[in-house]
**Q** 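Submitted below is the structure of interest, expressed as structure tokens.
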Amino acid sequence: MRIYEDIYMFGHQDPLAQAVFVQIQLNARNLTLELTSDHFMPTLGQSGKEAYLRAGKLQVGMKVLLSDGTVSEITRINRIHKSGLFNPYTLSGRIVVNSIVASSHSGFLLDSVFDWMGLDAYLPITYQTLFAPARLAYFLLGKTKADIIGRFLVNKANAMILQGSGKASQVSGYVSSNWAISSYFAEKPKFLLSG
């Protein structure tokens, strides 16, 4: 059974942008996932407790979640240059790419503060909470208006960060995958949550 979830906005959607990605390979069915180093992944520790880590902190031997509810071990990690930067936000804050569960969230407004406090594992749930107005707009106004409001909020936050740091770099991370964004997503996008 396949379950799909709505994408209520894209933080970024640029098929031509170039970036360095963390490519993780799993022992299950030879699965791979490419994402930027500040994109969050739910992992399972030795105790079986779920925790979010940035892709740049993942290590061989760590366990990640699969869409069928099973767990797979990371067997290899590479850094690769690739084009295509996409940051889809689903209603639940999770996405599934190539059968691997990832967070919709990546580096953004509060990273340095949470890092300083040692609370970076809580950033995905914090960002999920901060984006509640965009999800509300999605339900009340529809996809197009919600995406406009969401992009406005993300761009305003990025502008505040860049103004404060003096850096002209992009703040948010992205997920790159083998799926293509098509005209199907234009009206009311759905994202595969489980296979």
Side-chain angles (χ1 to χ4, degrees), residues 2-5 7 10-108 110-111 114-115 118-128 169-181 185 189-195:
R2 292 183 169 216
I3 300 171
Y4 292 86
E5 182 175 18
I7 295 171
F10 276 87
H12 300 280
Q13 190 174 8
D14 187 348
L16 302 177
Q18 298 286 315
V20 175
F21 290 89
V22 175
Q23 180 187 62
I24 62 170
Q25 297 177 358
L26 307 180
N27 62 355
R29 302 186 305 268
N30 212 16
L31 299 174
T32 62
L33 174 65
E34 291 127 13
L35 30 65
T36 57
S37 63
D38 65 345
H39 206 98
F40 287 95
M41 289 281 302
T43 61
L44 288 182
Q46 291 179 350
S47 66
K49 185 178 176 187
E50 188 176 312
Y52 284 95
L53 284 179
R54 288 185 180 97
K57 292 184 177 182
L58 295 172
Q59 297 176 5
V60 170
M62 288 183 163
K63 296 190 180 346
V64 298
L65 306 171
L66 300 180
S67 60
D68 64 3
T70 62
V71 175
S72 185
E73 187 174 300
I74 298 173
T75 57
R76 187 174 180 161
I77 299 175
N78 299 308
R79 304 259 189 234
I80 61 170
H81 293 270
K82 198 168 180 179
S83 60
L85 296 173
F86 300 94
N87 193 191
Y89 290 99
T90 62
L91 296 174
S92 71
R94 286 193 170 191
I95 60 175
V96 175
V97 180
N98 301 335
S99 299
I100 303 168
V101 177
S103 172
S104 293
H105 301 285
S106 57
F108 191 51
L110 300 172
D111 284 27
F114 276 60
D115 288 345
L119 299 173
D120 55 326
Y122 296 97
L123 280 165
I125 189 65
T126 302
Y127 292 142
Q128 183 70 3
S169 62
Q170 300 230 337
V171 177
S172 295
Y174 314 88
V175 172
S176 170
S177 70
N178 296 329
W179 52 269
I181 306 301
F185 289 118
K190 305 282 185 184
F191 204 86
L192 178 64
L193 279 183
S194 65

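Heavy-atom basis, side chains included; hydrogens, waters and symmetry copies ignored.
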**Q** Any carboxylate oxygen within less than 4.0 angstrom of a Lys/Arg side-chain nitrogen, looking at Lys57 and Asp38?
**A**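 Result for this pair is no, no salt bridge flagged.
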**Q** Go through the side-chain N and O atoms of Asn27 and Ser72 and say whether any donor and acceptor fall under 3.5 Å apart.
**A** yes
**Q** How about His81 and Gln18: does a side-chain donor come under 3.5 Å of a side-chain acceptor?
**A**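 No, no side-chain donor-acceptor contact under 3.5 Å.
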**Q** Please step through side chain to side chain contact (heavy atoms under 4.5 Å, CB included) for the pair Ile24 and Arg76, ending with a clear verdict.
**A** CA-CA 6 Å; Ile24 62 170; Arg76 187 174 180 161; over 6 Å; no
**Q** Keeping the roles fixed (side chain from Asp120, backbone from Leu53), state whether a donor-acceptor pair exists under 3.5 Å.
**A**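 It does not hold such a pair.
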**Q** Can you check whether Gln23 reaches Ile77 side chain to side chain, under 4.5 Å on heavy atoms?
**A** no
**Q** On a heavy-atom basis, which atom in Thr36 and which in Ala55 lie closest, and how many Å separate them?
**A**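 The pair with the smallest heavy-atom distance is O-CB, 3.4 Å.
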**Q** Could you walk me through whether Leu58 and Met41 pass the side chain to side chain contact (heavy atoms under 4.5 Å, CB included) check?
**A** CA-CA 9 Å; Leu58 295 172; Met41 289 281 302; 3.9 Å; yes
**Q** Looking at CZ of Phe86 and CG of Leu35, how far apart are the two atoms once the value is rounded to the nearest 0.5 Å?
**A**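 Here the interatomic distance stands at 14.0 Å.
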**Q** Do Ser83 and Leu16 touch side chain to side chain, with heavy atoms closer than 4.5 Å?
**A**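 Not in contact.
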**Q** Taking Glu5 for its side chain and Ser92 for its backbone only, find out whether a donor-acceptor pair lies under 3.5 Å.
**A**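 Answer holds: yes.
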**Q** Check the pair Ile74 / Val64 against side chain to side chain contact (heavy atoms under 4.5 Å, CB included), numbers first and verdict last.
**A** CA-CA 7 Å; Ile74 298 173; Val64 298; 4.0 Å; yes
**Q** For Leu91 and Gln128, which heavy atoms make the closest approach, and how far apart are they?
**A**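 That would be O-NE2, 2.8 Å.
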**Q** Drop me the distance from Asp111's CG to Leu119's CG, to the nearest 0.5 angstrom.
**A**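 Going from CG on Asp111 over to CG on Leu119, the span is 12.0 Å.
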**Q** Measure up the Tyr52 and Phe40 rings against each other and bin them: parallel (under 30°), tilted (30 to 60°), perpendicular (over 60°).
**A** perpendicular
**Q** Taking the side chain as every heavy atom from C-beta outward, state whether Gln25 and Leu31 have any atom pair closer than 4.5 Å.
**A** no
**Q** Hey, could you give me the NE2/CD1 distance between His105 and Ile125, rounded to the nearest 0.5 Å?
**A**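 Taking NE2 in His105 and CD1 in Ile125, the distance rounds to 7.5 Å.
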**Q** Do the side chain of Thr43 and the main chain of Ala51 share a donor and acceptor less than 3.5 angstrom apart?
**A** yes
**Q** Taking Tyr122's backbone N and O only, do any of them form a donor-acceptor pair with Thr126's side chain (distance below 3.5 Å, no angle check)?
**A**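 Checked: pair present.
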**Q** First locate atom CD1 of Ile95, then atom CD1 of Ile7, and finally report the distance between them rounded to the nearest 0.5 Å.
**A** 8.0 Å
**Q** Ignoring hydrogens, what is the shortest heavy-atom contact between Ser37 and Arg79? Give both atom names and the distance.
**A** CB-NH1, 4.4 Å
**Q** Take Thr75 and Leu26 through the side chain to side chain contact (heavy atoms under 4.5 Å, CB included) test and state the conclusion after the steps.
**A** CA-CA 5 Å; Thr75 57; Leu26 307 180; 5.6 Å; no
**Q** Would you compute the distance between atom OG of Ser106 and atom OH of Tyr127 and round it to the nearest 0.5 angstrom?
**A**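 Taking OG in Ser106 and OH in Tyr127, the distance rounds to 8.5 Å.
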**Q** Can you tell me how far apart CG (Asn87) and CG (Asp14) are? Round to the nearest 0.5 Å.
**A** 12.0 Å
**Q** What are the two closest non-hydrogen atoms of Phe21 and Leu85, and how far apart are they?
**A**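 That would be CZ-CD2, 3.3 Å.
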**Q** Considering all heavy atoms of both residues, which atom of Ala102 and which atom of Pro42 are nearest to each other, and what is their separation?
**A** CA-CD, 3.8 Å
**Q** Could you tell me whether the side chain of Asn78 and the main chain of Ile80 form a donor-acceptor pair under 3.5 Å?
**A** no
**Q** Backbone N or O of Thr32 within a donor-acceptor pair of the Asn98 side chain at under 3.5 Å?
**A**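 Pair found, side chain donor or acceptor close to backbone of Thr32.
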